[in-house]
Amino acid sequence: MFETVIGLEVHTQLNTKSKLFCSCATSFNAQQNSNTCPTCLALPGALPVLNKEVVHKSIMLGTAIDATINKTSYFDRKSYFYPDSPTAYQITQLYTPVVEHGRLEIDFEDGSKKSIRINRAHIEADAGKNIHDGPVSKVDLNRAGTPLLEIVSEPDMRTSEEVVLYLKKLHSIVRYLDISDANMQEGSFRCDVNVSIRPKGDEKLYTRVEIKNLNSFKFIEKAIAVEVERQTIAWEDGVYDDEILQETRLYDQDKQETRSMRGKEGAADYRYFPEPDLLPVKIDAMLEKYSKIPELPNEKRDRFISEYKLSTYNANVITASLEMADFFEDMLKEGGTPKTATTWLTVELLARLKGGLSLSTSPANSKTMGQLVNRIDDQTISGKAAKEVLDYLMENDSDVDSAIDKLNLKQVTDTGAIEAMCDEVIGANEDKAEQYRGGKDKLIGFFVGQVMKASNGSANPQVVNEILKAKLG
Ligand code: ADP
Ligand code: MG
Ligand code: ZN
């Protein structure tokens, strides 16, 4: 019996306006190589100047993961040659990163928790991009020098479920802190997965393989599965030491395999040394200001449970993204109940967000949704009618009350009108009324159905129910 051991390196691109060591803009969509200057092009004599905001954002992350924030932090030079790095080295932090020894709590669906230790988070500069265009290769340096925060976990995860929970929680935290756009598809939240196996009960760590090229949770789960299988088969066949090497492998989604990309360099191969062009970073003076951080996902979830009486499940769903949590609270500002708002946000609205629509681009915005909730709560419309209203609002620019009028969906709560319909239905079904009086309680459903039908669905079912019971009573 084997167990899987997994540690993650997450590179999250910090959302500063300018690069890490120069004042070039960080937007990549600009004309190729236009966001460059002597510093990020590595022209001789140009010197790096640290962007303070990067340090501020790193302190915020460190605070959020209960980490040690080093009072003085240093930069180091990691030497390697690659065409997209004009310096032929990367400025990073090896010996004294800005953040060390943190932890992140993950929550399983059954309510249990696990704490994953975080070894460190360090600041480093991103490389440019090689573009292979037929026989020609080009280099775009717009991205060179963009600030990254690399967050390195301890090898504490045992399943891909834990990996995905960890990544989602970390993703949610950097979004809550607003320190990164964390867009996986666009590469501003990238993850390398380190995988090894060991016989269950063994404390020792075996050879780790680093898998790159993973830009979705689905691929991460699949890549772990195929890599664990490869290592397990090698072990069982007695060729583990020959076949499982410490190396970097690429995940190929078409072939469903990982394959070797390069051998893993040791730290010595990189000729690390303290970066001579940068001063030590003194963090003391910034600490007080930037260790005050906004409410985090777990805190918000706990508040939603106590303040709005949401179930743990719903509170987790809604607070998983700051966007959804804010949308929910904006809905409530219209005065509706949290219970109805939860359903109409997490079930009805989400189901209607298709074709690239998101909460921020939804035709029915939070205010509109809040008003819809009000009309359900005050029984102006039934839940069934509300679905029609929402369908209409997703297609038409209208406020809720006009939509209800236009679709003629106002519930009849006028008891006089409902009483008349009840009398009529009872009169037409005297035999069943007798049976009901004789103890066949279930027949109430039949009567409610008939009255609802008579009202074309516009009667308030609760009111109908009460009146019928009184009349049949
Ligand atoms: P490198 O930059 O060389 O990849 P790092 O220290 O940045 O090294 O990252 C190493 C990552 O590998 C960490 O996330 C760590 O938890 C993980 N790791 C280390 N040993 C193992 C192992 N035996 N199995 C799985 N993951 C491991
Ligand atoms: Mg690494
Ligand atoms: Zn520049």
Side-chain angles (χ1 to χ4, degrees), residues 2-11 16-28 30 33-43 46-51 76 78 80 86-87 90-95 97 99-104 116-122 124-128 140-160 162-163 166-167 170 190-199 202-212 224 227-228 231 240 244-249 261-270 272:
F2 294 100
E3 104 179 319
T4 305
V5 176
I6 308 164
L8 301 178
E9 297 160 76
V10 172
H11 290 87
T16 55
K17 285 205 178 61
S18 56
K19 292 185 180 179
L20 179 52
F21 297 123
C22 61
S23 55
C24 292
T26 46
S27 55
F28 321 134
N33 292 308
S34 63
N35 289 335
T36 54
C37 72
T39 301
C40 55
L41 291 174
L43 299 187
L47 289 172
V49 177
L50 178 62
N51 180 346
D76 301 293
K78 178 182 184 180
Y80 64 91
T87 43
Q90 179 189 33
I91 301 182
T92 177
Q93 302 191 293
L94 178 70
Y95 303 107
V99 167
E100 276 185 296
H101 314 308
R103 64 192 177 79
L104 194 109
I116 307 293
R117 292 169 302 152
I118 292 176
N119 174 282
R120 50 158 55 212
H122 61 258
E124 61 187 26
D126 206 349
D140 178 8
L141 293 174
N142 279 352
R143 202 178 66 186
T146 316
L148 299 177
L149 193 60
E150 177 173 343
I151 303 158
V152 183
S153 86
E154 295 291 350
D156 284 353
M157 283 157 274
R158 298 290 172 266
T159 61
S160 54
E162 292 180 9
V163 167
Y166 171 90
L167 287 171
L170 187 58
R190 315 194 284 264
C191 172
D192 301 339
V193 178
N194 295 274
V195 183
S196 64
I197 59 165
R198 66 183 175 195
D202 207 334
E203 288 293 307
K204 169 177 159 206
L205 289 170
Y206 287 79
T207 307
R208 76 176 152 112
V209 165
E210 180 187 59
I211 314 172
K212 285 193 184 287
I224 291 172
E227 179 58 24
V228 165
Q231 294 186 16
Y240 180 86
I244 307 306
L245 310 171
Q246 183 166 330
E247 62 181 357
T248 300
R249 295 176 74 88
M261 180 178 151
R262 56 167 191 251
K264 186 81 200 168
E265 304 81 353
D269 299 318
Y270 287 120
Y272 279 103

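Counting starts at 1 for both ligands and their atoms, following the listed order.
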Note: heavy atom closest to atom 18 (N) of ligand 1, options R120, R208, R198, belongs to R208
Going by the atom numbers of ligand 1, which of them fall below 4.0 Å from some non-hydrogen atom of S196?
22 (C), 23 (N), 24 (N), 25 (C)
Taking only non-hydrogen atoms of E210 and a 4.0 Å limit, the atoms of ligand 1 in range are 4 (O)
Backbone or side chain, does any N or O of P155 fall under 3.5 Å from an N or O of ligand 1?
yes
Cation over ring, K204 on Y206, under 6.0 Å and within 45°?
yes
Of the side chain and backbone of D156, name the one, both, or neither that has a heavy atom under 4.0 Å from an atom of ligand 1.
neither
Ionic contact status for D126 with R190, cut-off 4.0 Å:
yes
Could you list the atoms of ligand 1 found under 4.0 angstrom from a heavy atom of L8?
14 (O)
For the Zn ion (ligand 3) the protein N, O or S atom count under 2.8 Å stands at 4
Tell me, do V152 and H122 make a side-chain contact under 4.5 Å, heavy atoms counted?
yes
If you count the atoms of ligand 1 from 1 in the order shown, which ones are under 4.0 Å from a heavy atom of V5?
24 (N), 25 (C)
Examine T207 against ligand 1 and note whether any of their N/O atoms are separated by less than 3.5 Å.
no
Please report the interatomic distance CD(Q93) to CD(E150), rounded to the nearest 0.5 Å.
11.0 Å
Over all atoms of both residues, closest heavy-atom pair of K19 and A25:
CE-O, 3.6 Å
Do V209 and N194 have side chains that get closer than 4.5 Å, going by heavy atoms?
no
What pair of heavy atoms forms the shortest contact from C22 to T39, and how long is it?
CB-CB, 3.9 Å
Taking side chain as C-beta onward, heavy atoms only, is I197 less than 4.5 Å from Y240?
yes
Part of V152 with heavy atoms under 4.0 Å of ligand 1, whether side chain, backbone, both or neither:
side chain
Taking only residues two or more places apart in sequence, or in another chain, which ones meet Y166 in a ring-ring contact (aromatic ring centres under 6.0 Å, His included)?
none
Ligand-residue contact atoms, ligand 1 with E154, heavy atoms, under 4.0 Å
16 (O)
Please identify which atoms of ligand 1 are closer than 4.0 Å to at least one heavy atom of E150.
7 (O)
Report yes if the side chains of P147 and N51 come closer than 4.5 Å at any heavy-atom pair, otherwise no.
no
Only heavy atoms of L205, strictly under 4.0 Å: list the atoms of ligand 1 that pass.
23 (N)
Do I6 and L8 have side-chain heavy atoms sitting under 4.5 Å apart?
yes
Is the shortest heavy-atom distance from the side chain of F21 to the side chain of L50 under 4.5 Å?
yes
